[in-house]
Number of protein chains: 2
Amino acid sequence: MIDGDPQPRPDRCDEVLIALRRVMRAVDLHSRALVRSHGLTAPQALVLKEIAAAGELAVGTVAQRVSLSHATTTDIVNRLEKRDLVARTRSSNDRRRVMLRATPAAVESLRRAPPLLQESFSGRFAQLPEWEQSMLLAALQRIAALMDAERIDAAPLLAAGSVDGAEPAPEPEPEPVADNGADLVADEPPPA
Amino acid sequence: MIDGDPQPRPDRCDEVLIALRRVMRAVDLHSRALVRSHGLTAPQALVLKEIAAAGELAVGTVAQRVSLSHATTTDIVNRLEKRDLVARTRSSNDRRRVMLRATPAAVESLRRAPPLLQESFSGRFAQLPEWEQSMLLAALQRIAALMDAERIDAAPLLAAGSVDGAEPAPEPEPEPVADNGADLVADEPPPA
DNA sequence: TTGTAATGCTTCGTTCACGAAAGACAAGAT
DNA sequence: ATCTTGTCTTTCGTGAACGAAGCATTACAA
């Protein structure tokens, strides 16, 4: 800061990273504010919301929907359960699955927690013109796709970079991609 | 996902959150891949890079530059120190400050660690047409501003505001915008 | 039936990230 | 000189977030 900026051209890509980090940090700070105002962090609220909306959901399904790993989802569910906001039940037809449902207390909590990302951001966001909302969302999804992409065609990693990784780097899940809103603005020509 | 989308209109704002979460997740996964290929996570590399570039830097300065809290920075520096990648020295003229400098081993490590975000993303990103790079970066910075705005009101360093008359949206640091003639496309009207 | 996958979830160990509070130090006030 | 205040860093406690490995269960093969 202070504009001294040792590198005159910090690679654009780094700029993206930094911007991203700022956004993440902001989200995190929101989350911490959230937990003080009504006792739920953003991920908790997000997970709870999914569960409440669906009535009953398996852990894995939740994980998929909110783009988190099973492990993390389990963590979050643990905390939610400890506060009696969700109830676990093993599914009767497939006893491996653990079904989650929101307790009445949770529904109440959710009702009092309007938008996930807080008035300030969602208010600000809502005030943007429609096209800009779409644009921002699309940009985000595009970036997500760009990043996810690498673990989709993970194979050519060896050939190009060759970071002396002996591991074949097998693709873990084909799952998290898919829907990125086909209406990405990706091939709009430059307005000029 | 899977497009079934239980809620017909899940509030756009939630969509933003989810997309964000996907991006964050991707970044995190990159980081974990990075640590396997050359032993540094993304935050570690980012911090190290700043230090190496500046020669000698105080902890707080690093924290500011990478947009992390002091506590987090200390954490990361601890890990770097444990691996002999940075050396701590108390500043001689102000003994509260702890100066950091990168060891030769770190410089070496950094040299072998090409771009922070990995060939795949930065390669893909670099291949995008100029206008799109700018657009994505601008979108990200816009979102960051939208989110930061609410907790910046304490430190109005720069009152620019303007884009569409909401809050002044003061930037915490003057640095991340502008720079090399990045033509932010923020107020293009909808093409239709 | 008895193995051998495959699936779904949890546990474990690690890193990251924060705020709050404590510790170390500097600079001005009494 | 001592006290107070303010600044810089670290420690502490908490909550993410992940991969890997483990457990329980189902599904399929022999």
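Protein chains get the first letters and strands the later ones, always in sequence-line order, with residue 1 at the start of each.
Residues Arg88(B) and Asn78(B) have side chains that bring a donor and an acceptor to within less than 3.5 angstrom of each other.
Summarising the geometry, the separation between CD on Gln64(A) and P on dC18(D) is reported as 13 Å, rounded to the nearest angstrom. The interatomic distance linking Arg25(B) (CZ) with dC16(C) (C1') rounds to 16 Å, in whole Å. The nearest whole Å value for the distance from the CG atom in Leu40(B) to the C1' atom in dC16(C) is 15 Å. Taking atom CG of residue Leu80(B) and atom C1' of nucleotide dT9(D), one finds them 16 Å apart after rounding to whole Å. Taking atom CE on Met99(A) and atom P on dC9(C), their separation rounds to 8 Å, with Å as the unit. Whole-Å rounding puts the Asp28(B) CG to dG19(D) C1' distance at 11 Å.
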Between the protein and nucleotides 25-29 of chain D, list every N/O to N/O distance that falls short of 3.5 Å.
{"residue": "dT26(D)", "atom": "OP1", "partner": "Arg95(A)", "partner atom": "N", "Å": "3.1"}

Between the protein and nucleotides 11-16 of chain D, which nitrogen or oxygen pairs come in under 3.5 angstrom?
{"residue": "dA16(D)", "atom": "OP1", "partner": "Thr41(A)", "partner atom": "OG1", "Å": "2.7"}
{"residue": "dA16(D)", "atom": "OP2", "partner": "Thr41(A)", "partner atom": "OG1", "Å": "3.4"}
{"residue": "dA16(D)", "atom": "OP2", "partner": "Gln44(A)", "partner atom": "NE2", "Å": "2.3"}
{"residue": "dA16(D)", "atom": "O5'", "partner": "Arg79(A)", "partner atom": "NH1", "Å": "3.0"}

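One hydrophobic cluster, built from ILVMFWY side chains closer than 4.5 Å, cannot hold both Val86(A) and Met99(A); they sit in different ones. A continuous path of Ile, Leu, Val, Met, Phe, Trp and Tyr side chains, each step under 4.5 Å between heavy atoms, connects Val47(A) with Val98(A), placing both in one hydrophobic cluster.
What you find for Ser67(B) and Arg22(A) is that their closest heavy atoms are OG-CG, 3.4 Å. In plain terms, the two heavy atoms of Leu40(B) and Ser109(B) that are nearest each other are CD1-CB, 4.4 Å.
With a 4.5 Å cut-off on side-chain heavy atoms, Leu85(B) and Glu81(B) do not count as touching.
Between the side chain of Gln44(A) and the backbone N or O of Thr41(A) there is at least one donor-acceptor pair closer than 3.5 Å.
Taking CZ of Arg65(A) as the start and OG1 of Thr61(A) as the end, the distance is 6.5 Å to the nearest 0.5 Å.
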